[in-house]
Amino acid sequence: MSKNLVIVESPAKAKTIEKYLGKDFTVLSSIGHIRSIPKKTADGTPPIDIKNGFKTQYEIDPEKKKTIAELRKAAKSAETIWLATDEDREGEAIAWHLCEVLKLDPRVTKRIVFHEITKSAIEEAVKYPRTVDMRMVEAQQARQILDRIVGFELSPVVWQKVPGGKSAGRVQSPAVRLLVEREREITAFEGSSQFKVSALFYHGNDEFKAELKQRFDTEEEARDFLESLEDATFTVSGITKSPSTRNPGAPFTTSTLQQEANSKLSFGSKATMAAAQKLYQAGKITYMRTDSVNLSGQAIASATDFIKRLYGPEYSTIRKFKTKNSSAQEAHEAIRPTDISLETASNNEYDQKLYDLIRRRTLASQMAPAQLENTTVTITISSHSEVFEAKGQVITFDGFLRVYGSNKEEILPSLTDGDTIHSSEISARQAFTKPPARYTEGSLVKKLEDLGIGRPSTYATIIDTVQTRGYVEKGDSEGAPRDVVTLALVNGAVEREIVQEKTGSTRGKLIPTPSGELIADFLTNHFEKIVDYDFTANVEQEFDKIATGSLARNSMLQNFYTPFHELIAQSGGIDRSTVGANREVGTDPVSSKPIFARFGRFGPMLQLGSQDDNEKPTFAPLPRGTKIETVTLEQALEAFKLPRIVGKTPEGVDIRASVGRFGPFIQIGTKTTKTKPLYVSLKEDDPHDITLNRALELYAEKLKLEAEKNVADFGDGIKILNGRFGPYVTDGAKNIKVPKDTDPKEVTHEQAKSLLKEAKPSKKRPTRRTSKKK
DNA sequence: CAGTGAGCGAGCTTCCGCTTGACTT
């Protein structure tokens, strides 16, 4: 064992650093945090003793036991231990937890930091060790304790008071509120339209487009205008040229990487981070969870060198970017390739696409601005005072656009003042004002970052959490068609045509569910502070004060806790029936029972009959696209027609159609029939009027699909199936992967049996996706 | 994965942030 033990957070980082430090150093990693606050303690004492100075218990994360055993062993034989966790709040805390667990004295144990993984930075860091900064550690503890208190005192309140309420927290709740508010702006948006006139002009053989500066409010005005152009002549009367420059964006942070990958490559935040993680572990890029736009001197130098060699010195401009975000902690570099000259970093198409984006962004950040020339041509009309305007843009020097960004040009023909030009086409088109855009994963991440909510390591999981809690869904509708009036001047007469355009597409957008709206409203009404967008920013400032020593940890926590807990205590008095909309839709003409629309345990629903009737009320899910506030009696009556029997299969099994938790579906067979019922989701068909023929068609398709999934069926319940993760053997209870080097079709019955026998009994694993802790 | 929903009441859930594999069907 070597004399020195260095402990970092990331195993991939450990590997890199070990290379730089030579044989006297062993580098190990903590793999993130090693201890956390238990949810419950064995002796029933509260994990956070609020009355006793917020005294906190910690427990070693079970999955870290092995890591810690290794660290302990290495620590025993090392002469000097260097704590090299990240230089931010969480990193400082990890260093302190390491001291506690490895029984090191934080007052003397060497603590080093580096912002970049380069030989010189590391050697420099080793020269100037410090000790663990306990104020910084206290700031982290304040953060962690506050988050735990908010989450664990507030969540039980929403379980009790909010139907469908599953959780609340400092980060997830404002995120849901953002989406809810945006959705309401969109609902409240009152669109208007104007008529935009555009013309195609030609000069010689060149054609170009121009727009009328003025817009018309009504179709009549637009029509009158077009008609008046019949005998008009058009003259070029003014050409202005103005140069402009465009600068490249800063190198990627986690947030901007997710935004760009989302908009340019249509990657979700999670997919982006997974690809980046692979690239990082392969040593192709620097650390991918960062809020810094800073590049190391070495990286700038090699990028500059590469740019000069490949594109020429005029393409190089050295730039240092500064973060605008005040909550940034900048423990790492920006995300960049480790070797800027490397073009291909992976065989995987997605990873490579992301790498290419990162590489081009990095290069662009050290390249010259693009020089553009904007041209505006004014065209006067003999019969009017209004003017047309044609705009052109020419790139006189592409600069960074050579590698990143769009270099589309709008080229105008060479025109001279006074030229008479002719129109080949003049038309007016109705242009609608647009409601605010729904958030995408990328734009939500940007908004959260702007508000200082969440951290680079959590943006992707925030988006996951709000979806798994059922507060938010990914949209998948293409949008509704809308009629657009177009008028064209043809041979002196105006021709009217209605064209259609799609509007309001929700594909890939984040949309709050009714339950999301409900919880956002509840928190806004009763716990305004927690969903206040300034709340995180304010506590963040206080954490900083704790870190610099101008505020005591406990007084900060107490100041927060006292009023917060008071609200929690009062919340018992909130009447559950006042939470969420509840209205009587009308009366069922058949049974003359009332129909209500309200929130149930599983979301919004319709209820036929009142609770004090002798007969049990019947329920139906609220039809998609309708709301408790607006659902009509007709819609409600339709919903109660389901489930309906569509008919029978040739074998005489009932086919029914209905709407369930996952949307409309048909079901062949019931739970009482011999074979398990088969469900087919309906995408285009309506369960209310789907025909028997269509249902049978879908049934046949589904059977075919099931058959394809089946590689082999040995008849005794043992099957070989094709699943999401490749072929596997199953006996109904256990699933065992077919070994990689075996052709699934070749597996014999005996082999399958032995595979199942050898396999360990399947462990029951907690199925939650977000908090896989202990 | 599925067609639930009140009432009765026990027992359960839950936070955010730092890291990777292990694991899933």
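Treat the numbers as computed from the prediction; the structure is a model and nothing was measured. Within every chain, numbering begins at 1; the chains are lettered A, B, ... in the order of the sequence lines, protein sequences first and strands thereafter.
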Can you tell me which nucleotide in B:dG5, B:dG17, B:dT14 comes closest to the side chain of A:S167?
B:dT14
Whether A:R469 contacts B:dC15 is assessed here as follows: a side-chain N or O lying under 4.0 Å from the phosphate OP1 or OP2. Is that the case?
yes
Answer with yes or no whether the side chains of A:Y471 and A:T465 bring together a donor and an acceptor at under 3.5 Å.
no
Under 4.0 Å from OP1 or OP2 of B:dT20: is there any side-chain N or O of A:S10 that close?
yes
For B:dG21 and A:Q281 - does any side-chain N or O of the residue sit under 4.0 Å from the phosphate oxygens OP1/OP2?
yes
Please state how far atom CZ in A:F599 lies from atom P in B:dT4, giving the value in whole angstrom units.
18 Å
Starting the side chain at C-beta, find the nucleotide from B:dC15, B:dT19, B:dT14 nearest to A:P156.
B:dT14
Between A:K13 and A:D86 (salt bridge meaning N to carboxylate O under 4.0 Å), is one present in this structure?
yes
For A:W159 and B:dT13, are the ring centres under 5.5 Å apart with planes inclined under 30°?
yes
Do A:R111 and A:E92 meet the salt-bridge criterion of a basic N to acidic O distance under 4.0 Å?
yes
Just checking A:R143: base, sugar-phosphate only, or nothing, at a heavy-atom cut-off of under 4.0 Å?
base
Between B:dG17 atom C1' and A:H332 atom NE2, what is the distance in whole Å?
12 Å
How would you label the contact of A:A93 with the nucleic acid (heavy atoms, under 4.0 Å): base, sugar-phosphate, or nothing?
nothing
Classify the nucleic acid contact of A:P643 as base, sugar-phosphate or nothing, counting any heavy atom under 4.0 Å across all strands shown.
nothing
Looking for any heavy atom pair under 4.0 Å, which part of the strands does A:Y287 touch: base, sugar-phosphate only, or nothing?
sugar-phosphate
Which part of the nucleic acid, if any, lies within contact of A:Q140, taking any heavy atom under 4.0 Å across all strands shown: a base, the sugar-phosphate backbone alone, or nothing?
nothing
At under 4.0 Å between heavy atoms, what does A:Q144 touch on the DNA or RNA strands: base, sugar-phosphate, or nothing?
nothing
A:I48 has an atom CD1; how far is it from atom P of B:dC16, in whole Å?
14 Å
Using the side-chain contact (heavy atoms from CB on, under 4.5 Å) definition, which of the options A:V132, A:I546, A:I94 pairs with A:V137?
A:V132
Between A:D464 and A:T461, does any side-chain donor sit less than 3.5 Å from a side-chain acceptor?
no
A:T626 side chain to A:P623 main-chain N or O, any donor-acceptor pair under 3.5 Å?
yes
Should A:R35 be listed as having a side-chain N or O under 4.0 Å from OP1 or OP2 of B:dG17?
no
Integer-rounded Å distance: B:dT14 C1' and A:I37 CD1:
14 Å
Hey, does the side-chain of A:R455 have a donor or acceptor N/O within less than 3.5 Å of a partner on the base of B:dC18?
no
Whether A:Y280 contacts B:dT19 is assessed here as follows: a side-chain N or O lying under 4.0 Å from the phosphate OP1 or OP2. Is that the case?
no
Roughly how far apart, to the nearest Å, are B:dT4 and B:dT25 at atom C1'?
26 Å
Measure NE2/A:H565 against P/B:dC15 and give the value in whole Å, please.
20 Å
How far does the C1' atom of B:dT24 sit from the matching atom of B:dC1, given to the nearest Å?
15 Å
Pairwise 5' ranking along DNA chain B for A:Q329 and A:E153, keeping only the more 5' one
A:E153
Base, sugar-phosphate or nothing for A:V150? Non-hydrogen atoms, less than 4.0 Å.
nothing
Looking for any heavy atom pair under 4.0 Å, which part of the strands does A:G169 touch: base, sugar-phosphate only, or nothing?
sugar-phosphate
5'-most contact on DNA chain B: A:L606 or A:D88, nearest heavy atom basis?
A:L606
Would you indicate which nucleotide in B:dC18, B:dC15, B:dT20 comes nearest to any side-chain atom of A:F152?
B:dC15
For residues A:R469 and A:S167, is any side-chain donor paired with an opposing acceptor at under 3.5 Å?
yes
Where the side chain of A:E90 is concerned, which of B:dC16, B:dT20, B:dG17 is the nearest nucleotide?
B:dG17
Students often get this wrong, so: under 4.0 angstrom with heavy atoms, is A:Q172 touching a base, only sugar-phosphate, or nothing?
sugar-phosphate
Given atom CD of A:Q667 and atom P of B:dC1, what is their separation to the nearest angstrom?
15 Å
When all nucleic acid strands are considered with a 4.0 Å heavy-atom cut-off, which category describes A:P163: base, sugar-phosphate, or nothing?
nothing
Specify the separation, in whole Å, of atom CD1 of A:I31 and atom P of B:dT19.
12 Å
With a 4.5 Å limit on heavy-atom distance, are the side chains of A:I574 and A:F522 in contact?
yes
Hey, does the side chain of A:T458 come within less than 4.0 Å of B:dC16's phosphate (OP1/OP2), counting only N and O?
no
Would you indicate what A:G91 reaches in the nucleic acid, counting non-hydrogen atoms under 4.0 angstrom: base, sugar-phosphate, or nothing?
nothing
Under 4.0 angstrom, heavy atoms only, what part of the nucleic acid is A:S681 near: base, sugar-phosphate, or nothing?
base
Mind calculating the distance between CG (A:L28) and C1' (B:dT19) to the nearest angstrom?
15 Å
